[in-house]
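Some notes on the structure that comes next.
All values reported here derive from a predicted model rather than from experimental measurement. One-based numbering along the sequence shown.
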Amino acid sequence: MYPAMTLEELDQQQKLINEKRVVCILLVKPGDSDGDAIIRQFNFLHYSSGKYCTIFAPGYSRFFDLDRYPDMKEVRGTNNETWFYSDKAFCQCIIELENRLPSWSYNSESELIVLQSQVDSRSGVSFKNYMAIEIEHGIRQGYIDSFPRFMSALIKAAKCEIDVKGLQKQIARNISIRDLVIETISECKRVPMPVKKILKQKLFITAANRRGADTSGNQRVVSQTLSF
């Protein structure tokens, strides 16, 4: 579990780790209806995710910088450290993410974006394949039992995804983000229909489904929005 004030900081941290992992970007503000409860899970998530998931919290920092972020406030981070949260930094990260993930837009509630890392690459995180889960909305509609249960299932699925064929083989292939999320949601007992049908219908997930090219000639992700 790492704080990150910018996507560049997030990417640099993952490059330092330089291991094949599931990368989770946890979008949560202290003012969200479930914000305080999720923030209290930071330390547990840090240790339970182990070497399988790298979880980032945009808008948070270990360092106090009132000149750049005059709205900073204290929150409890990992290992009883004092972290600092800034709406200004959080909003800047949202703008960066919306630029990196075309057709995805922030819904102003707690959300989890699931991606994968890149090993020995210029970028530590791949944005080509992703799924974004609207946590608070999914709980409200009854498709997710609770945030702790959802994260526990996600970490378990990530462990299986990375361990099942061995780390050496895993490095040579991409993690299936879709299969990972299907397995995670299937752990939630309230899902009233087959999980694969949920991913095909308009529910609470945004998923990358194809690639296009932006005006600079670089590949970009075109996403399919799934929401109620």
Side-chain angles (χ1 to χ4, degrees), residues 1-11 13 23-49 53-101 103-115 125 130-155 184 188 190 203-206 223 225-228:
M1 185 88 203
Y2 297 94
M5 296 298 271
T6 65
L7 286 194
E8 181 181 3
E9 183 180 335
L10 181 156
D11 190 71
Q13 178 61 54
V23 176
C24 298
I25 300 178
L26 179 57
L27 302 175
V28 58
K29 308 182 301 294
D32 290 342
S33 61
D34 56 353
D36 288 340
I38 291 177
I39 291 168
R40 287 197 296 270
Q41 296 287 323
F42 278 5
N43 194 64
F44 174 75
L45 292 174
H46 177 67
Y47 286 103
S48 63
S49 57
C53 286
T54 309
I55 305 173
F56 292 100
Y60 295 79
S61 176
R62 291 188 175 93
F63 306 104
F64 188 66
D65 188 351
L66 204 58
D67 291 333
R68 292 183 63 190
Y69 304 102
D71 62 333
M72 273 189 156
K73 63 177 70 175
E74 289 188 11
V75 297
R76 182 63 62 191
T78 59
N79 295 318
N80 286 318
E81 293 177 342
T82 297
W83 286 7
F84 301 94
Y85 169 80
S86 165
D87 275 331
K88 179 182 177 181
F90 184 88
C91 290
Q92 290 172 342
C93 287
I94 294 299
I95 292 172
E96 290 183 80
L97 282 169
E98 289 178 336
N99 287 335
R100 296 294 297 272
L101 306 174
S103 297
W104 174 83
S105 61
Y106 177 54
N107 63 17
S108 297
E109 295 183 326
S110 58
E111 193 162 351
L112 186 75
I113 300 176
V114 184
L115 311 111
V125 180
Y130 78 93
M131 298 194 86
I133 299 97
E134 299 178 13
I135 298 169
E136 190 172 341
H137 190 55
I139 292 173
R140 193 163 55 242
Q141 296 295 329
Y143 289 97
I144 298 174
D145 292 307
S146 68
F147 174 75
R149 182 183 177 89
F150 179 83
M151 291 304 297
S152 177
L154 178 65
I155 292 167
T184 299
C188 300
R190 297 182 183 180
L203 298 177
F204 62 106
I205 296 171
T206 300
S223 64
T225 303
L226 306 171
S227 59
F228 289 106

**Message:** Can you tell me how far apart CE (Met151) and OG (Ser146) are? Round to the nearest 0.5 Å.
**Reply:** 11.5 Å
**Item:** Trace of the side-chain contact (heavy atoms from CB on, under 4.5 Å) decision for Val125 with Thr54
**Value:** CA-CA 10 Å; Val125 180; Thr54 309; over 6 Å; no
**Message:** Restricting to ring pair (Phe, Tyr, Trp, His ring centres under 6.0 Å), what partner residues turn up for Tyr2, sequence neighbours left out?
**Reply:** Phe56
**Item:** Partner residues of Tyr60 under the ring pair (Phe, Tyr, Trp, His ring centres under 6.0 Å) criterion, sequence neighbours left out
**Value:** Phe42, Tyr85
**Request:** Would you give the length of the straight line joining atom CG of Asp34 to atom CZ of Phe147, rounded to the nearest 0.5 angstrom?
**Result:** 8.0 Å
**Fill in**
For Glu9, the side-chain hydrogen bond (donor to acceptor under 3.5 Å, both in side chains) test, sequence neighbours excluded, returns none
**Item:** With Gln41 via side-chain hydrogen bond (donor to acceptor under 3.5 Å, both in side chains) - residues at least two apart
**Value:** none
**Prompt:** Who pairs with Asp32 by salt bridge (Lys or Arg N to Asp or Glu O under 4.0 Å), at least two apart in sequence or on another chain?
**Reply:** Lys29
**Asked** Rounded to the nearest 0.5 Å, what separation is found between the OG atom of Ser110 and the NE2 atom of His137?
**Response** 11.5 Å
**Request:** Walk me through it: do Ser49 and Met1 pass the test side-chain contact (heavy atoms from CB on, under 4.5 Å)?
**Result:** CA-CA 8 Å; Ser49 57; Met1 185 88 203; 5.7 Å; no
**Prompt:** Excluding sequence neighbours, so at least two apart, what forms side-chain hydrogen bond (donor to acceptor under 3.5 Å, both in side chains) with Ser105?
**Reply:** none
**Message:** By the definition side-chain contact (heavy atoms from CB on, under 4.5 Å), identify the one residue from Ile25, Leu26, Leu27 that meets it with Glu111.
**Reply:** Leu27
**Request:** Would you please name every residue forming a side-chain contact (heavy atoms from CB on, under 4.5 Å) with Ser48, sequence neighbours left out?
**Result:** Phe44, Leu45, Ile155
Anything under 3.5 Å between a donor and an acceptor, one on a side chain of residues 73-80, the other on a protein residue two or more places apart or in another chain? List them.
unit_1, atom_1, unit_2, atom_2, d
Arg76, NH1, Asn80, O, 2.7
Asn79, OD1, Tyr47, OH, 2.4
Asn79, ND2, Tyr47, OH, 3.4

Using a 3.5 Å cut-off and no angle test, enumerate the donor-acceptor pairs between side-chain atoms of residues 90-98 and protein atoms at least two apart in sequence or in another chain.
unit_1, atom_1, unit_2, atom_2, d
Glu98, OE2, Tyr106, N, 3.0

**Request:** Not counting sequence neighbours, which residues clear ring pair (Phe, Tyr, Trp, His ring centres under 6.0 Å) with Phe84? List them please.
**Result:** Phe64
**Message:** Do Ile133 and Phe150 have side chains that approach each other closer than 4.5 Å (heavy atoms only, starting at C-beta)?
**Reply:** yes
**Message:** Can you list everything that forms a side-chain contact (heavy atoms from CB on, under 4.5 Å) with Arg68? Sequence neighbours excluded, please.
**Reply:** Asp65
**Prompt:** When rounded to the nearest 0.5 angstrom, what is the spacing between CD1 in Ile55 and CG in Leu154?
**Reply:** 7.5 Å
**Request:** Hey, could you give me each pair passing salt bridge (charged side-chain N to carboxylate O under 4.0 Å, His left out) that has a residue in residues 77-90? Not counting sequence neighbours.
**Result:** Arg62-Glu81
